[in-house]
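Everything on this sheet refers to the single structure shown next.
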Amino acid sequence: MIFQKQIPMMKTISALLILVSFFGYSQNYKGEISDVKKSGLNQITIDPNIRAAAKDDLRFLRIIDSKKNQIPYAFVTLKKQSESYSPFKIISKQSIQDSITSLIIQNEKKAKISEFNLQIENTSLIKSYSISGSNDAKAWFGLVENQLLTDLVASKGTSLSKNISFPANKYIFLRIVFNDKKSLPVNILSVGIAETQLIPEKLLEVNDFKYQITEDKSKKLTRIVFSAKNNYQIDAISFDIATDYFSRNAKIITKQMQKTKKRTTSYDETLAYFELNSKKDRNIYFNTIDEKEFTIEIENQDNQPLSISKIQVFQKPIVIVSKLNANEKYDVIIDSTYSKPTYDLENFIAETVANFPEVSISNFNKLNAEKAIQAEKTFWETKLFMWICIIIGGGVVAYFAFGLLKDMKNE
């Protein structure tokens, strides 16, 4: 009976000791920002080593000015847009009074198209139109009929863009016919294709990973073992391969530990599958993994192993924006006793922004406990709150311990 009561008591004490240890634990790192050239909003890309120090929990991050005040920041996603306009050659433009206006456009590259962008001079008219296609400009085949162009007044300037869609095709010639029976013609300035592309965010290389390549001839596998000092979030791996004409299946695996009552055993867990192919991009993207050790296995089948000259490991960038003063120095602190901050700035920064001046965090190092810089903290972040938690935890332990001892004596 006594032994049975000791078990829950030991579990309670262990759990409370872990809680106390958590509140007493503080991991301090410090860096600095000293390259602020322009006052105002500046963007800062968080280095992979800083993210590793914070265990990718950036609620621990603070920016501190020379007066030990917190400087607000907000997380942003930077995706720049690239816009292009490719006009088609208008080989014919005819207007028949009180009847129609006909435009014939040449698709010289025989590209597959399903949309036109019309540059139209301002008008308040509503126009119906039909589109047909041809490969010889003689025999025409219908695509759309009696569609409407509306809202042709520009909010700014004297012209506007209007997209019109139709079934995808590769006709060499396309004809747009506008109905002018109820109103005068509209002025079509050009016909083309407008494209807006998001420029992919630039990946950050994680330089801490080292790798070793070995061959398992019996299983016809190439194994690449990666290792680093800390866990890093990984979103992509890039291969430089000199081999020609290859297509190999591969996977990323990691060792996991499984505890049973008597022993601990290890097993392989597959994190991602992918293909290495000489026709495809050398960059391999996958769902984020968070590891400091992992292995890539490449299936060679009956082929010679790939000639791999270089492998790079990358992660997607995390960027913050903060209002900083030119020529002022700021400290950047990572401290695990902090809680998540709430700043007004996040309400004024667009989810996707770009082109703020860029500054960087330098001289980032781990500090000794006695040298750690203490910033202005809320009550929940202070040592007083930590000690209150420790005292309360100790009191709870004592309460349960004395209660259990009393019960054991009574029995």
Side-chain angles (χ1 to χ4, degrees), residues 27-83 196-208 230 232-236 288 314-367 371-378 381:
Q27 189 175 12
N28 293 292
Y29 292 81
K30 176 192 170 187
E32 62 182 43
I33 300 170
S34 58
D35 57 345
V36 184
K37 301 294 191 300
K38 185 177 180 180
S39 295
L41 293 175
N42 286 258
Q43 67 186 51
I44 308 159
T45 300
I46 306 301
D47 184 89
N49 291 323
I50 298 175
R51 291 175 57 179
K55 302 187 184 301
D56 260 297
D57 192 343
L58 292 180
R59 63 183 175 177
F60 300 147
L61 184 144
R62 296 293 187 277
I63 300 174
I64 310 299
D65 67 11
S66 57
K67 297 179 182 179
K68 302 294 186 286
N69 296 316
Q70 290 190 32
I71 304 301
Y73 62 84
F75 291 94
V76 296
T77 301
L78 300 183
K79 290 186 178 179
K80 299 179 181 179
Q81 289 187 342
S82 172
E83 296 184 357
T196 300
Q197 294 181 330
L198 287 177
I199 301 173
E201 52 195 348
K202 185 178 180 181
L203 296 174
L204 295 179
E205 184 175 2
V206 181
N207 293 308
D208 197 35
N230 298 304
Y232 288 88
Q233 285 200 1
I234 306 163
D235 299 291
T288 299
F314 296 95
Q315 64 180 207
K316 293 178 181 178
I318 289 180
V319 179
I320 59 175
V321 168
S322 184
K323 187 176 182 294
L324 306 175
N325 295 323
N327 303 318
E328 187 170 340
K329 178 182 172 182
Y330 298 87
D331 290 323
V332 177
I333 307 297
I334 297 290
D335 187 335
S336 58
T337 63
Y338 287 123
S339 60
K340 182 180 178 181
T342 302
Y343 296 130
D344 294 337
L345 184 63
E346 64 187 23
N347 298 313
F348 298 91
I349 301 296
E351 183 179 349
T352 302
V353 296
N355 300 326
F356 288 133
E358 294 187 28
V359 296
S360 59
I361 301 171
S362 59
N363 301 323
F364 185 79
N365 294 293
K366 187 175 182 179
L367 296 177
K371 294 182 180 180
I373 292 180
Q374 298 298 318
E376 291 291 332
K377 298 183 178 182
T378 65
E381 299 172 321

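What you see is a predicted model, and the numbers here were worked out from it, not measured in a lab.
For Ser39 (side chain) and Ala326 (main-chain N/O), a donor-acceptor pair under 3.5 Å exists by modelled atom type. Side-chain N or O atoms of Tyr330 include none that pairs as donor or acceptor with a backbone N or O of Ile71 at under 3.5 Å. The backbone N or O of Ala54 lies less than 3.5 Å from no partner atom in the side chain of Asp56, so there is not a single donor-acceptor pair. In this structure, Asp235 contributes its side chain and Lys316 its backbone to a donor-acceptor pair below 3.5 Å.
In plain terms, the two heavy atoms of Leu345 and Ala74 that are nearest each other are CD2-N, 4.0 Å. Considering all non-hydrogen atoms of both residues, Tyr338 and Arg59 come closest at CB-O, 4.0 Å. Residues Pro48 and Val206 approach most closely at CB-CG2, 4.2 Å, considering heavy atoms. Nearest heavy atom pair, residue Pro72 against residue Ser322, reads O-OG, 2.8 Å.
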- Task: For side-chain contact (heavy atoms from CB on, under 4.5 Å), just list the numbers for Glu328 and Val36, CA-CA rounded to whole Å, side-chain angles, deciding distance to a tenth of an Å, and then say yes or no.
- Result: CA-CA 7 Å; Glu328 187 170 340; Val36 184; over 6 Å; no

- Item | Criterion side-chain contact (heavy atoms from CB on, under 4.5 Å) on Lys55 and Phe60, from CA distance to verdict | CA-CA 9 Å; Lys55 302 187 184 301; Phe60 300 147; 5.8 Å; no

- side-chain contact (heavy atoms from CB on, under 4.5 Å) assessment of Asp335 paired with Arg62: CA-CA 8 Å; Asp335 187 335; Arg62 296 293 187 277; over 6 Å; no

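No more than 12 heavy atoms of other residues, nucleotides or ligands sit less than 6.0 Å from atom CG of Asp344.
Distance check, rounded to the nearest 0.5 Å: CZ of Phe356 to NZ of Lys323 gives 12.0 Å. Atom CZ of Phe364 is separated from atom CD1 of Ile46 by 9.0 Å, given to the nearest 0.5 angstrom. One finds the OH atom of Tyr343 at 10.0 Å from the CZ atom of Phe75 (value rounded to the nearest 0.5 Å). Taken from CG in Asn28 to OG in Ser336, the straight-line distance is 7.0 Å, to the nearest 0.5 Å. The CG atom of Asn207 sits 9.0 Å away from the CZ atom of Phe314 when rounded to the nearest 0.5 Å. Rounded to the nearest 0.5 Å, atoms CD1 (Ile361) and CG (Leu61) are 6.0 Å apart.
Residues passing the salt bridge (charged side-chain N to carboxylate O under 4.0 Å, His left out) test with Lys329 are Glu32, sequence neighbours excluded. When the salt bridge (charged side-chain N to carboxylate O under 4.0 Å, His left out) test is applied to Asp35, no partner is found at least two apart in sequence or on another chain.
Side chains of Tyr232 and Asn49: a donor-acceptor N/O pair is present below 3.5 angstrom, by distance only.
Between Ile318 and the options Ile50, Ile44, Leu58, a side chain to side chain contact (heavy atoms under 4.5 Å, CB included) holds for only Leu58.
With contacts defined as side-chain heavy-atom distances shorter than 4.5 Å, the pair Ile63/Gln70 does not qualify. The shortest distance between side-chain heavy atoms of Leu204 and Asp47 does not fall below 4.5 Å. Residues Ile234 and Gln315 form no side-chain contact, since every pair of their non-hydrogen atoms from C-beta on lies 4.5 Å or further apart.
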